[in-house]
Colleague: 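If you scroll down you'll find the structure; I have some questions about it.
Please read all numbers here as calculations on a predicted model, not as lab measurements.
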Amino acid sequence: MIHLATADVSAPHGPHEQHKAGRAAAAGALRRAGGTSVEVGRRFDGAPVFPAGFVGSIAHTRRLAVAAVCPAEEARGIGVDLETDTVGEHLHRILLREEEREHLWTPADGPTLRALFVAKEAAFKAFSACGERVVRTFWRVRLERPAPGTGDLLARAGDERAWVRVRADGDGAWAVAVLLRPEQAHA
């Protein structure tokens, strides 16, 4: 089960306050997941390091931080992202592959572009649990819709797959990605 928690970013809403709110959200999600240790470390590249037995992810905007945590036996990696800023339409060629533009996005549809961006970012974070051998660049993540009419996406990087749940409205978009275990990926 994925456990989510949020924390408001205090004024003046800068990087220090965003980091602090992210760690507060992570502590809340860890408590909800039954964790006894709620300290979240920091890897050399800035990625969070969750306590043993848990996988997790943190994201923030200038005003809100969110964390997603899951027991490690339930998933190999998890990613979360949220975005309230508009994603410039001119970025579609950078953010999306040709097949993603063809099947998932209609030109001039800014809200969908923002949703696809957060989906790809959440998947990238989930894939980061695999390290160098899978994906170290955002651009290698490929998105597809496994079933028409659903808000869920499947993300691929190499042979790895992650399910991504995306939600969007006029105020922003958020996504949670779960890196499947090999036995789940082929079910």
Colleague: Which residues pass the salt bridge (Lys or Arg N to Asp or Glu O under 4.0 Å) test with R63, sequence neighbours left out?
Modeller: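 By the salt bridge (Lys or Arg N to Asp or Glu O under 4.0 Å) rule, R63 matches no residue at all.
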Colleague: If you look only at pairs with a residue in residues 53-74, which of them pass as a ring-ring contact (aromatic ring centres under 6.0 Å, His included), with sequence neighbours excluded?
Modeller: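 Those involving residues 53-74 do not exist here.
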Colleague: Among all residues two or more places apart in sequence or in another chain, which pass the ring-ring contact (aromatic ring centres under 6.0 Å, His included) test with H19?
Modeller: none
Colleague: So which heavy atom on P146 is nearest to which on W163, and how close?
Modeller: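 Minimum heavy-atom separation between P146 and W163: CG-CZ3, 3.1 Å.
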Colleague: So do the side chains of L179 and F127 get within less than 4.5 Å of each other, counting heavy atoms only?
Modeller: yes
Colleague: Mind listing the side-chain donor-acceptor pairs of residues 27-42 below 3.5 Å, one per line with the distance, residues two or more places apart or on another chain?
Modeller:
unit_1	atom_1	unit_2	atom_2	d
R32	NH1	L4	O	2.4

Colleague: For the CG atom of D169 and the OG1 atom of T84, what is their distance to the nearest 0.5 Å?
Modeller: 11.0 Å
Colleague: So how far is it from L113 CG to T86 OG1, rounded to the nearest 0.5 Å?
Modeller: 10.0 Å
Colleague: Tell me which one of L64, V118, V176 satisfies side chain to side chain contact (heavy atoms under 4.5 Å, CB included) with L82.
Modeller: L64
Colleague: With a 4.5 Å heavy-atom cut-off, do L104 and R145 have their side chains touching?
Modeller: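 Counting from C-beta outward, L104 and R145 do come under 4.5 Å.
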Colleague: Give me each pair satisfying salt bridge (Lys or Arg N to Asp or Glu O under 4.0 Å) with a member in residues 4-23, each pair once, sequence neighbours excluded.
Modeller: none
Colleague: Would you say that V166 contacts L153 through its side chain, given a criterion of any heavy-atom pair below 4.5 Å between the two side chains?
Modeller: yes
Colleague: Which residues pass the side-chain contact (heavy atoms from CB on, under 4.5 Å) test with A177, sequence neighbours left out?
Modeller: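 A177 satisfies side-chain contact (heavy atoms from CB on, under 4.5 Å) with A122, A123, A126, V164 only.
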Colleague: Measure the CG-CZ distance between D85 and F117 for me, rounded to the nearest 0.5 Å.
Modeller: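 Interatomic distance, D85 CG to F117 CZ, rounded to 0.5 Å: 10.0 Å.
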Colleague: Between atom NE2 of H92 and atom NE2 of H90, what is the distance when rounded to the nearest 0.5 Å?
Modeller: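 Output value for this atom pair is 9.5 Å.
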Colleague: Could you pull out all residues at least two apart from E98 that satisfy salt bridge (Lys or Arg N to Asp or Glu O under 4.0 Å)?
Modeller: R101
Colleague: Quick one: does S57's side chain have a donor or acceptor within less than 3.5 Å of a partner on V80's backbone?
Modeller: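 It does hold such a pair.
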Colleague: Are V66 and V49 in one and the same hydrophobic cluster, where Ile, Leu, Val, Met, Phe, Trp and Tyr link if side-chain heavy atoms are under 4.5 Å apart?
Modeller: no
Colleague: Report the distance from atom CD of E99 to atom CD of E144, rounding to the nearest 0.5 Å.
Modeller: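 Reported value, rounded in 0.5 Å steps: 9.0 Å.
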Colleague: Going by the rule side-chain contact (heavy atoms from CB on, under 4.5 Å), which residues pair with P15 if we only count those two or more places apart in sequence or in a different chain?
Modeller: none
Colleague: Would you mind listing every salt bridge (Lys or Arg N to Asp or Glu O under 4.0 Å) that reaches into residues 115-126, with sequence neighbours excluded?
Modeller: D81-K125, E100-K120
Colleague: Output every pair passing side chain to side chain donor-acceptor pair (under 3.5 Å) with a member in residues 104-114, not counting sequence neighbours, ordered by first then second residue.
Modeller: D109-T112
Colleague: Which residues pass the salt bridge (Lys or Arg N to Asp or Glu O under 4.0 Å) test with D171, sequence neighbours left out?
Modeller: none
Colleague: Please identify each residue that fulfils side-chain contact (heavy atoms from CB on, under 4.5 Å) with A168, with sequence neighbours left out.
Modeller: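 Testing A168 for side-chain contact (heavy atoms from CB on, under 4.5 Å), a comparison that skips the adjacent residues, returns A115, A173.
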